[in-house]
A.B. asks: 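Have a look at the structure that comes next, please.
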Amino acid sequence: MGLRDVLKIRKSDGAEENAVFVSTRGGGAVTAPEAVLRGLAPDGGLYADPGIGSRPFDVQGCLALGPLEQAERILTHLLPGFPEMGNLVHRAYAGRFSSEELTPLVPVGDQWVLELFHGPTAAFKDVALCMLPQLMTAAREITGMQEKTVILTATSGDTGKAALEGFHDVPGTGIIVFFPWQGVSKVQEMQMLTQEGQNVAVCAVKGNFDDCQSAVKAVFSSFPDGKAAPNVRLSSANSINIGRLAPQVVYYFLAYAALLRQGKIRFGEQVDYVVPTGNFGDILAGWYAKQLGLPVGRLVCASNANRVLTDFLETGLYDRRREFYKTSSPSMDILVSSNLERLLYYASGCDAENVRNNMLRLQSSGYYKISAGELRRIQEDFAAYCCSEEETAASIRRCFEETGYLPDTHTAVALHAARQYREKDESGRQLVVLSTASPFKFPAAVLAALGEKSEGDAFEQMEKLARISGLAVPQALAGLRQREILHRDVIEKSEIASYVKLKV
Ligand SMILES: *Cc1c(COP(=O)(O)O)cnc(C)c1O
């Protein structure tokens with residue numbers, strides 16, 4: 001029996017369905033709607049499709065379509081078992097982004113910047129988190145689920161607001177967001193604390209993002225069947241959820257299609273992508289695009305001073321036993337990048353036991369090392385560079401002075417990595433730098449990088465930035481100042497589990 005056959009399960013009603021997702025740590029097969037509802041697998045692993053890349057996908061046909069149709073094709077392929085994907089995509093995106101193209105590709109110097117931040121909360125996470133509630137609502141219907149779904153989310157800033165925006169007042173769901181107290185920007189904090197909705201809870205935690213994420217993971221594992229109460233099932237909106245990762249594959253195609261349309265490449269020519277990386281979801285989506293057959297060259301992993309991924313991709317040793325830096329690009333301040341587990345799974349030839357051992361070692365000892373063969377396979381697809389705080393500021397200033405384009409701190413990290421990559425790379429391929437935030441999200445840091453004083457509050461800083469750059473403050477941010485603070489909870493990290501019990 002082949003792997004595909006093993007993965008086929010027979011439903012009790014006699015209908016055969018493809019259960020394509022297994023846990024990276026070895027747990028049994030589930031369908032895409034089930035994987036989306038669960039988020040994390042019961043054994044603590046992430047859901048992955050071992051057959052990704054083995055089913056044929058018409059890349060060229062897809063690239064010729066409009067953005068929403070491309071999304072429909074890609075998501076239907078990655079998440080089989082959602083019969084009305086076209087409708088779900090339409091509901092998620094139509095009219096909700098300030099750009100018709102969803103993620104516009106902008107020429108900056110001799111490379112390209114893919115702007116991912118034109119969604120309803122001005123965060124790149126909107127791309128995925130507009131879609132996830134649609135997938136979850138459909139999955140509840142498909143599986144006949146009766147219980148309430150409560151989304152637990154740990155956020156380093158942007159995920160929280162984008163998830164709240166996606167899930168507030170969605171019938172049958174609730175959402176609880178934890179963020180590191182004083183560990184997100186003023187604007188991000190305002191965005192979350194002013195969130196309206198009957199089914200939302202927002203809570204600051206005294207700790208860093210990794211503390212929040214570990215505690216949320218521990219809550220998940222403390223309910224192996226996902227049931228936090230008799231009629232409540234927990235799920236996740238973090239990029240560990242396959243329903244969050246899959247929509248991110250789309251913009252790699254959109255960027256490639258834009259280059260084709262503009263005659264910058266011919267079909268089949270490889271394009272390199274530089275990705276500002278934290279939890280490894282964004283860049284892993286690029287690797288998925290490559291598995292589908294998109295001509296992706298190298299994926300360049302850009303890190304800030306928290307260079308755990310740079311070291312790992314250079315040496316194969318993942319070692320979290322190091323100092324944690326709070327940087328000006330806080331969404332990348334991460335020492336444990338959850339989605340890397342999926343890449344390890346594939347790089348080891350879908351060896352779940354190997355993955356489980358590595359993850360257990362990471363938990364107990366703080367490090368693991370992959371084999372030379374695994375590292376070689378990963379290095380064929382990935383390169384990695386990091387960027388200090390001084391270099392981040394210099395990168396913003398240089399980009400603005402040389403090209404007139406104003407990047408935010410996260411994009412600046414990626415632009416710095418792009419420079420380093422280019423110095424070594426002789427392929428001459430087109431280079432797309434993913435931009436994950438508007439500069440108005442981090443006005444103080446951007447002003448300081450430009451050598452300007454950053455007096456006043458975040459809103460005065462935004463206005464000053466608008467004057468200097470000639471850009472308009474994004475609508476999602478401009479109106480925040482007048483909004484009322486609705487959430488005031490601050491807890492210790494040890495209290496996360498009891499907070500969840502209280503709120504579900
Ligand atoms: C989430 C985020 C990232 C990191 O993306 P990952 O998928 O976690 O690697 C980078 N920049 C910004 C602004 C983000 O919000």
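If you read the sequence from its start, that first residue is 1, and numbering goes on from there. Computed from a predicted structure; not experimentally measured. Counting convention: from 1, in listed order, for ligands and their atoms alike.
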A.B. asks: Tell me, which residues have any heavy atom less than 4.0 Å from some atom of ligand 1?
C.D. replies: Phe124, Lys125, Asp158, Pro276, Thr277, Gly278, Asn279, Phe280, Gly281, Asp282, Ser331, Met332, His410, Thr436, Ala437

A.B. asks: I'd like to know whether the aromatic ring centres of Phe312 and Phe280 sit less than 6.0 Å apart in this structure.
C.D. replies: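 That pair fails the under 6.0 Å test.
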
A.B. asks: Is there a donor-acceptor contact under 3.5 Å linking the side chains of Glu165 and Thr121?
C.D. replies: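 No, no side-chain donor-acceptor contact under 3.5 Å.
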
A.B. asks: Applying salt bridge (charged side-chain N to carboxylate O under 4.0 Å, His left out), can you list everything that pairs with Arg376, at least two apart in sequence or on another chain?
C.D. replies: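 If we apply the salt bridge (charged side-chain N to carboxylate O under 4.0 Å, His left out) test to Arg376, skipping adjacent residues, there are no hits.
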
A.B. asks: For the residue pair Phe442 and His410, does the interplanar ring angle fall in the parallel (under 30°), tilted (30 to 60°) or perpendicular (over 60°) class?
C.D. replies: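 It falls in the tilted class, 30° to 60°.
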
A.B. asks: My understanding is that only residues two or more places apart in sequence, or in another chain, count here; which of them pass salt bridge (charged side-chain N to carboxylate O under 4.0 Å, His left out) with Arg356?
C.D. replies: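 Not a single residue meets the salt bridge (charged side-chain N to carboxylate O under 4.0 Å, His left out) criterion with Arg356.
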
A.B. asks: Taking side chain to side chain donor-acceptor pair (under 3.5 Å) as the test, write out the residues that go with His487, two or more places apart.
C.D. replies: none

